[in-house]
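Report on one structure; see the data block that follows.
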Amino acid sequence: MYERILVPLDDSEESDAVLDHALDLAETADARVHLLSVVDEKMMARDVTEDILFDRLEAAAEDTVEAGVATAEERGIDADGEVVHGKPYREILAAAEDTDLVVIGTHGRRGVDKLLLGSVSEKVVRASPTPVLLVPVGRHGE
């Protein structure tokens, strides 16, 4: 049913729960997992201070993807990952075009920003070209 599953991740604890759920599904479906972390374009460097912050965000995103790929491979699941720059929901939607399913958390790093559903998750659900599986995390998933 699913051959390639997209899993957007950030460096939050909530992403660990999303990854675990996605890996369980990939294991059952014998699917490949594509992990994606987006460095938000709002954080793009404009001066030295912001450049340092941007570098830290990019390093955290790379660490998150590498750890996720390692976790998948430890479980015998074929996985790859990438870090991209841009608006998170747009980058997720672009990557979704090459997948059969998107597994995303209801809330991410900014889980308290929205009462019912995170803004990125909401935009992905509304516009995704492929099915989206929401994993309850954050305030409403505890």
Side-chain angles (χ1 to χ4, degrees), residues 1-46 49-142:
M1 178 175 220
Y2 302 117
E3 293 180 16
R4 188 161 163 90
I5 299 172
L6 173 64
V7 187
L9 300 173
D10 59 30
D11 62 345
S12 68
E13 288 182 26
E14 289 84 0
S15 277
D16 294 339
V18 173
L19 178 61
D20 286 341
H21 195 88
L23 293 179
D24 288 345
L25 183 58
E27 197 168 40
T28 300
D30 193 28
R32 178 176 180 79
V33 175
H34 179 70
L35 307 177
L36 176 72
S37 189
V38 182
V39 179
D40 195 331
E41 70 180 13
K42 285 188 260 181
M43 302 307 295
M44 295 296 185
R46 292 188 189 105
T49 304
E50 289 175 344
D51 192 36
I52 292 168
L53 174 62
F54 179 78
D55 289 345
R56 288 183 182 166
L57 290 172
E58 187 166 39
E62 289 171 0
D63 290 347
T64 297
V65 168
E66 288 173 12
V69 169
T71 299
E73 290 176 348
E74 287 171 8
R75 292 180 58 176
I77 298 166
D78 193 16
D80 64 13
E82 68 177 321
V83 174
V84 296
H85 303 159
K87 289 191 179 210
Y89 80 93
R90 286 187 182 157
E91 297 301 327
I92 293 167
L93 290 172
E97 292 180 11
D98 297 327
T99 62
D100 303 306
L101 177 70
V102 178
V103 178
I104 190 170
T106 54
H107 295 84
R109 189 179 310 121
R110 299 181 184 144
V112 295
D113 285 351
K114 290 281 230 164
L115 186 58
L116 295 175
L117 189 63
S119 61
V120 171
S121 301
E122 181 178 5
K123 290 174 182 172
V124 170
V125 166
R126 290 179 186 268
S128 179
T130 60
V132 177
L133 175 65
L134 290 171
V135 178
V137 295
R139 286 178 58 187
H140 302 287
E142 296 177 333

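Hydrogens, waters and symmetry mates play no part in the numbers below; they use all other heavy atoms, side chains included. Keep in mind it's a predicted model, so treat the numbers as computed, not measured. Positions are given from 1, in the same order as the sequence printed here.
Closest approach of Leu23 to Ala72, counting heavy atoms only: CD2-CB, 3.6 Å. When all heavy atoms are compared, the tightest approach of Val69 to Ala79 is CG1-O, 4.0 Å. Here the shortest heavy-atom pairing between Ile92 and Pro8 reads CD1-CB, 3.7 Å. Taking each heavy atom of Val137 and Ala17 in turn, the nearest pair found is CG1-CB, 3.9 Å.
Within 6.0 Å of atom CG in Asp63, more than 12 heavy atoms from other residues, nucleotides or ligands are found, so the atom counts as buried in its surroundings. Heavy atoms of other residues, nucleotides or ligands lying less than 6.0 angstrom from CD of Glu82 number more than 12.
Atom CD of residue Glu58 and atom OG of residue Ser37 lie 10.0 Å apart, to the nearest 0.5 angstrom. Note that OH of Tyr89 and OG of Ser119 are 10.0 Å apart. Values are rounded to the nearest 0.5 Å. A distance of 11.5 Å separates OG1 of Thr64 from CG of Leu36, quoted to the nearest 0.5 Å. Rounded to the nearest 0.5 angstrom, Thr71 OG1 and Asp20 CG are separated by 8.0 Å. For the atom pair CG of Leu133 and CG of Leu101, the computed distance is 6.0 Å after rounding to the nearest 0.5 Å. Atom NE2 in His34 sits 8.5 Å away from atom OG1 in Thr99 (nearest 0.5 Å).
We find that Arg75 and Glu27 are joined by a salt bridge, their nearest charged nitrogen and carboxylate oxygen being less than 4.0 Å apart.
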Exercise. Run the side-chain contact (heavy atoms from CB on, under 4.5 Å) check on Leu6 and Val103 step by step: do they pass?
Worked result: CA-CA 6 Å; Leu6 173 64; Val103 178; over 6 Å; no
For this session: Apply side-chain contact (heavy atoms from CB on, under 4.5 Å) to the pair Asp80 and Leu35, showing each step before the final yes or no.
Result: CA-CA 6 Å; Asp80 64 13; Leu35 307 177; over 6 Å; no
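With hydrogens and angles ignored, the 3.5 Å screen pairs no side-chain donor or acceptor of Ser128 with any backbone N or O of Val125. A donor-acceptor pair is defined here as one N or O able to donate and one able to accept, closer than 3.5 Å; no such pair exists between the side chain of Asp78 and the backbone of Arg32.
Results of the side-chain contact (heavy atoms from CB on, under 4.5 Å) test with His21 over Val135, Asp16, Val7 single out Val135 as the only residue that passes. Applying the side-chain contact (heavy atoms from CB on, under 4.5 Å) test between Val102 and each of Leu134, Thr130, Ile5 identifies Thr130 as the sole match.
Checking His85 against Glu91 by side-chain atom types alone, no donor-acceptor pair falls below 3.5 Å. Side-chain contact annotation: Ser15 with Asp10, donor-acceptor N/O pair under 3.5 Å present.
Side chains of Val83 and Val39 form a contact here, defined as non-hydrogen atoms less than 4.5 Å apart.
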